[in-house]
Amino acid sequence: MKSTLRKPIYLSPPHMSGEEQNYIEEAFRTNWIAPVGPHLQAFEQEMELLTGAAYAVAVTSGTAAIHLALAVLGIKQGDRVFCSTFTFVASANPILYQGAEPVFIDSEPTSWNMSPTALKRALSTAYKKKKLPKAVIVVHLYGQTSRMEEIMKICNKYKVPVIEDAAESLGSSYKGKASGTIGDIGIYSFNGNKIITTSGGGMLVTNKKDLADKAKFLATQAKEEAEHYQHKEKGYNYRMSNVLAGIGRAQLRVLNERVEEKRKIYQRYAQSLPFYFMPEYSNSRSSRWLTACLLPSDSDPVEIIESMRSHQIEVRRVWKPLHMQPLFQNTEFYQHTKGLSVAETFFRHGICLPSGTNMTKEEQLYVMNLLRENTRTTISQEAVIF
Ligand SMILES: *Cc1c(COP(=O)(O)O)cnc(C)c1O
């Protein structure tokens, strides 16, 4: 049944709480439009409370937060930075901004995120060659936190700082801690498709005062304290505006609700479709920002995506691993086990399903029925992937 009356169903559109206008109005009434202001400070404090991180710095995007993280850790021209391969390009672009060299690390099957096995091999190889990285960027995809205990143990052994790209995992937790607060620095994104949004924005969190101060300093043009304009270092214009921080504050109030709703959406899909769904491993709680799954090996993700598109439903492939991108041709890459790239397997079979919290139950049922119809001939509980 093809209905042209239905409105399109997107992957993860913005979902406003209704309170945002009041916060924006307050910023206008008090003329705190820019540069900083009370909403900005309050938003940072509220993020500190929510995550348990000692310091939060609000910036213009998640990408800017990653860039600042690398800058405050002193990553410069010629340095090496390890990064998850299975992620959005924004995780690694800032490595290039710094003139540094990325090295990509594969995923593993339990978390779908960075493989501790591959990381261990990469670090011990680098150590032997005296080419240890200056940082490791660990990405928590689709709400799922990586295996941080193992990853921190390995990185601590070599004294390599860890940046958590938690752009997709705000509201998730790992062993009782907020996702993004386990490494040296964590970053979040408030881009339009994320679990909460400021229309565009990001946040850097850390427990280290010197790193937070430095990040704020670099984000405001590295302006020294002086009567005149005084600069010793290269800075950036990365601070979030007070108006957008107001939107963020209103959104923060519904974060828990959004997580609950996302988890329900995941449950409904997982209970009724014969795909292999991204697991949630012990001691972790995923926000299920996007429901991701692997199709049976004889189903073609592209066919399903195109067919769903004809019904105005947005289904997407999972991230294409960065080591497969032309931008990162000839970049070093460490597989989970020699001869098996887990991330490449995910890419071949993986899709993300509509996960918007403003999608109604009826709409989700409609999506599920269409997906079932599209895979009718290939239904098999065993997705035969591993
Ligand atoms: C969205 C996203 C980013 C970038 O965040 P922006 O706010 O869009 O700059 C970085 N990493 C991952 C994994 C993301 O999903």
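Order of listing sets the numbers, starting from 1, for every ligand and every atom in it.
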Open item on the list: Minimum distance, heavy atoms only, to atom 1 (C) of ligand 1: which one of M203, H67, K194 is it?
Closed with: K194
Task: Atoms of ligand 1, numbered as shown, that sit under 4.0 Å from any heavy atom of N191 - done: 7 (O), 8 (O)
TODO: Tell me whether the centres of the aromatic rings in H323 and F328 are closer together than 6.0 Å.
DONE: no
Open item on the list: Quick test of your reading of the model: are K7 and E363 salt-bridged, counting only N-O distances below 4.0 Å?
Closed with: yes
Task: Where ligand 1 meets G62 - atom numbers and elements under 4.0 angstrom, heavy-atom basis - done: 5 (O), 6 (P), 7 (O), 9 (O)
Open item on the list: Taking K175 first and then E149, would you say they form a salt bridge - that is, a charged N and a carboxylate O separated by under 4.0 Å?
Closed with: yes
Open item on the list: Check for me whether G202 has a heavy atom closer than 4.0 Å to any atom of ligand 1.
Closed with: no
Task: N193, portion touching ligand 1 at heavy-atom distance under 4.0 Å - done: neither
Open item on the list: Is the distance from the ring center of W319 to that of F86 below 6.0 Å?
Closed with: no
Open item on the list: Test of understanding: given a 4.0 Å heavy-atom threshold, classify the contact between S61 and ligand 1 as side chain, backbone, both, or neither.
Closed with: both
- [ ] Within a distance under 4.0 Å of any heavy atom of V139, pick out the atoms of ligand 1 and give their elements.
- [x] 13 (C)
- [ ] Using a strict 4.0 Å cut-off to heavy atoms of A90, name the atoms of ligand 1 that fall inside it.
- [x] 3 (C), 4 (C), 10 (C)
- [ ] Answer yes or no for G201: is there a heavy-atom contact with ligand 1 below 4.0 Å?
- [x] yes
Open item on the list: As an exercise, identify every atom of ligand 1 less than 4.0 angstrom from a heavy atom of A167.
Closed with: 2 (C), 3 (C), 10 (C), 11 (N), 12 (C), 14 (C)
Task: Salt bridge present between E303 and R309 (N-O < 4.0 angstrom) - done: no
Open item on the list: With a 6.0 Å cut-off on the ring centroids, do F190 and F43 count as close?
Closed with: yes
- [ ] For atom 15 (O) of ligand 1, grab the closest protein heavy atom and report residue, atom and distance to one decimal in Å.
- [x] E168 OE2, 2.6 Å
Task: Geometric class of the Y266/F277 ring pair [parallel <30°, tilted 30-60°, perpendicular >60°] - done: perpendicular
Open item on the list: Within the 4.0 Å heavy-atom shell around T87, which atoms of ligand 1 are there?
Closed with: 13 (C)
Open item on the list: List ligand 1 atoms under 4.0 Å from S91, heavy atoms only on the residue side.
Closed with: 11 (N), 13 (C)
Open item on the list: Is the contact between D165 and ligand 1 made by the side chain, the backbone, both, or neither, using heavy atoms and a 4.0 Å cut-off?
Closed with: side chain
TODO: Hey, can you tell me if H67 and Y238 have their rings parallel, tilted or perpendicular (30° and 60° cut-offs)?
DONE: perpendicular
Open item on the list: For Y174, does the six-membered ring have the charged nitrogen or CZ of R285 within the cation-pi criterion, i.e. under 6.0 angstrom from the centroid and within 45° of the normal?
Closed with: no
Task: Protein residue, atom and distance nearest to atom 5 (O) of ligand 1, heavy-atom basis - done: S189 OG, 3.2 Å
Open item on the list: Geometry only, no angles: is I66 polar-contacting ligand 1 at N/O separations under 3.5 Å?
Closed with: no
Task: Worked check of salt bridge (charged side-chain N to carboxylate O under 4.0 Å, His left out) between E25 and R29 - done: CA-CA 6 Å; E25 212 275 314; R29 198 178 58 240; 3.0 Å; yes
- [ ] Starting from atom 9 (O) of ligand 1, find the nearest protein heavy-atom neighbour and note its residue, name and distance.
- [x] T63 OG1, 2.5 Å
TODO: For T87 and S84, indicate whether the former's side chain and the latter's backbone hold a donor-acceptor pair under 3.5 Å.
DONE: no
